[in-house]
Amino acid sequence: MLESLLDKVTEYFPKRKKSTIKNILLLSLCLLEKETVCLNRLKRIVGNYTGKASKADSHYKRLIRIFDNNSLSRLWLELLRFAFQLLRLKSEYLIIDGTSWKRGERWFHYMTLCIIYKGVAIPIYWEDLSKHGISNFTERKRLLNRAIKYFNLEGMTLIADREYIGMEWFKYLIANGISFVIRLKKNIYKDAINASKGRSHEEMTRKILSSKLPHKTLSKLVEFEEIPGQLFRFVVVKNPKKDPKDPVIYLLTNLVEKPAKTIAYIYCKRTKIEHCFRHLKSNGFNLEQINLRTKSRCRLLMAITVFSYVLSIHEGLKEYDKVPLKIYNDESQEKAVSIFRNGLNLIATFTRNLELFISYILEQILEVQNKFKSPFRINV
């Protein structure tokens, strides 16, 4: 039974050996069970799914061979394509942001591009900048250029924080048909903003601060000499948080037809990538425990992690409306568990053994393929 299931799943990977796909799915299974990317920890449970009483060191060598044999190939991209068949990737929005940490003497800095799928950020491309500090234009452009090779991003809207600014960056996005809503630093571009018709930067800020409305917004159209003929909308938003560090939020967008409140609402979606990072790291797969040396090996392990994350999100979205609400002392409320954690709990039913796990994956893909006949908006 297991061999016939592996034959079916390997059809999605025509360039790969059946044994390779078996080991990839075995690693994903262990990752979902143990919630860590640390191979030294995962090696202890491999035998639970292989039925072999080999020593843990033998299982570790088996896991390492995945990366020895495949880290320089395009298997990581093929795995993403396979995972994304579980999702009908029709999305309007992209988010770009970075997450970094230090392990030993090495810095990891994953600049990550996500789509928003049913309210959840799903990584579709990333680059490890291997440094401490913010990204630069060259690094961002390289990441987007590579992502555009594999995904149709034209017509989408990119959401980003204050790190991702600059006239060359704005021109690059516009040239590639990508709209954007990006947060600005407090006083940047003030001269151009004040030179455009309407209230000055200072007047807009004062009016926002004096307003008693928690979600007060103002905006004006702005032109920049560096990008002639292109209008932008400068949006000033009152920060609705209690005692915020930054009481006023400044946004810039080329979606000039949309009102200020809509732009502010779009920007709020940026927090979805922070939730994604938390699930990939401390509240999920402990990505910070990654213990592989080269970038290519880490890229493949990240793809396996994203694959496992997609499985969890796909399962967690099912009947998520039935998850009870948790009410806090301030009378605010939210779901008792996240979509990710809900999925991780539910998918445990299908991870008792490798045969059941592969059967579950194939059933899910077939169900989605039968349900949605139209092509994906984002195609690998």
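Residue numbers count from 1 along this sequence.
- A salt bridge links Arg341 and Glu35; the closest N-O separation between the charged side-chain nitrogens and carboxylate oxygens is under 4.0 Å.
- Taking NZ of Lys43 as the start and CZ of Arg62 as the end, the distance is 15.5 Å to the nearest 0.5 Å.
- Side chain to side chain, Tyr250 and Thr205 meet the donor-acceptor criterion of an N or O pair below 3.5 Å.
- Note: Tyr125 and Tyr150 have parallel aromatic rings, judged against thresholds of 30 and 60 degrees for the angle between ring planes.
- Residue Ile266 holds its CD1 atom at 9.0 Å from OG of Ser179, rounded to the nearest 0.5 Å.
- Lys171 NZ to Asn176 CG: the interatomic distance, rounded to the nearest 0.5 Å, is 13.5 Å.
- For the atom pair OH of Tyr320 and CG of Leu346, the computed distance is 11.0 Å after rounding to the nearest 0.5 Å.
- Ring pair Tyr360/Phe350 is parallel by interplanar angle, where below 30° counts as parallel and above 60° as perpendicular.
- Using a 4.0 Å cut-off between a side-chain N of Lys or Arg and a carboxylate O of Asp or Glu, Lys295 and Glu127 do not qualify as a salt bridge.
- For Asn353 (side chain) and Leu356 (main-chain N/O), a donor-acceptor pair under 3.5 Å exists by modelled atom type.
- Salt bridge present: Glu139 and Lys131 bring a charged side-chain N and a carboxylate O closer than 4.0 Å.
- Ring planes of Phe232 and Phe170: tilted class, angle from 30 to 60°.
- A pairwise comparison of heavy atoms in Phe108 and Arg103 identifies CE1-CB, 3.9 Å as the closest pair.
- Using cut-offs of 30° and 60° on the angle between ring planes, the pair Tyr110 and Trp101 is parallel.
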- prompt: Checking side-chain contact (heavy atoms from CB on, under 4.5 Å) for the pair Phe180/Leu94: CA distance, chi angles, key distance, verdict?
  reply: CA-CA 9 Å; Phe180 57 84; Leu94 298 162; over 6 Å; no

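- Within a 6.0 Å radius of NZ in Lys326, no more than 12 heavy atoms belonging to other residues, nucleotides or ligands are found.
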message: What verdict does the ring pair (Phe, Tyr, Trp, His ring centres under 6.0 Å) test give for Phe285 and Tyr309, after you've listed the backbone C-alpha separation in whole Å, the side-chain angles of each residue and the deciding distance to 0.1 Å?
response: CA-CA 8 Å; Phe285 297 124; Tyr309 175 74; 7.1 Å; no

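- At least one donor-acceptor pair under 3.5 Å links the side chain of Ser210 to the backbone N or O of Lys207.
- Judged by distance alone, the side chains of Lys281 and Thr99 do bring a donor and an acceptor atom under 3.5 Å apart.
- A donor-acceptor pair is defined here as one N or O able to donate and one able to accept, closer than 3.5 Å; such a pair exists between the side chain of Arg140 and the backbone of Ile165.
- Other residues, nucleotides and ligands contribute only 12 or fewer heavy atoms inside 6.0 Å of the NZ atom of Lys258.
- Counting non-hydrogen atoms of neighbouring residues, nucleotides and ligands closer than 6.0 angstrom, the CZ atom of Arg278 exceeds 12 such neighbours.
- In this structure, OG1 in Thr305 is found 7.0 Å from CG in Leu280, a value given to the nearest 0.5 Å.
- Both Leu25 and Leu27 belong to a common hydrophobic cluster when Ile, Leu, Val, Met, Phe, Trp and Tyr are linked at side-chain heavy-atom distances under 4.5 angstrom.
- Electrostatic pairing of Glu3 and Lys18 counts as a salt bridge here, judged by a charged N lying under 4.0 Å from a carboxylate O.
- In this structure a side-chain-to-backbone donor-acceptor pair under 3.5 Å is present from Glu163 to Ser135.
- Salt bridge annotation for Glu78-Arg16: present, with a cationic side-chain nitrogen under 4.0 angstrom from a carboxylate oxygen.
- Within 6.0 Å of atom NZ in Lys220, more than 12 heavy atoms from other residues, nucleotides or ligands are found, so the atom counts as buried in its surroundings.
- The CG atom of Leu354 sits 9.0 Å away from atom OG1 of Thr50, with the distance rounded to the nearest 0.5 Å.
- For the pair Asn342 (side chain) and Gly316 (backbone), a donor-acceptor distance under 3.5 Å is present.
- Using a 4.5 Å cut-off between side-chain heavy atoms of Ile, Leu, Val, Met, Phe, Trp and Tyr, with links allowed through other members, Tyr267 and Phe234 fall into different hydrophobic clusters.
- Pairing each heavy atom of Leu144 with each of Tyr172, the nearest pair is CB-OH, 3.2 Å.
- Between Ser312 and Leu32, some side-chain heavy-atom pair lies under the 4.5 Å cut-off.
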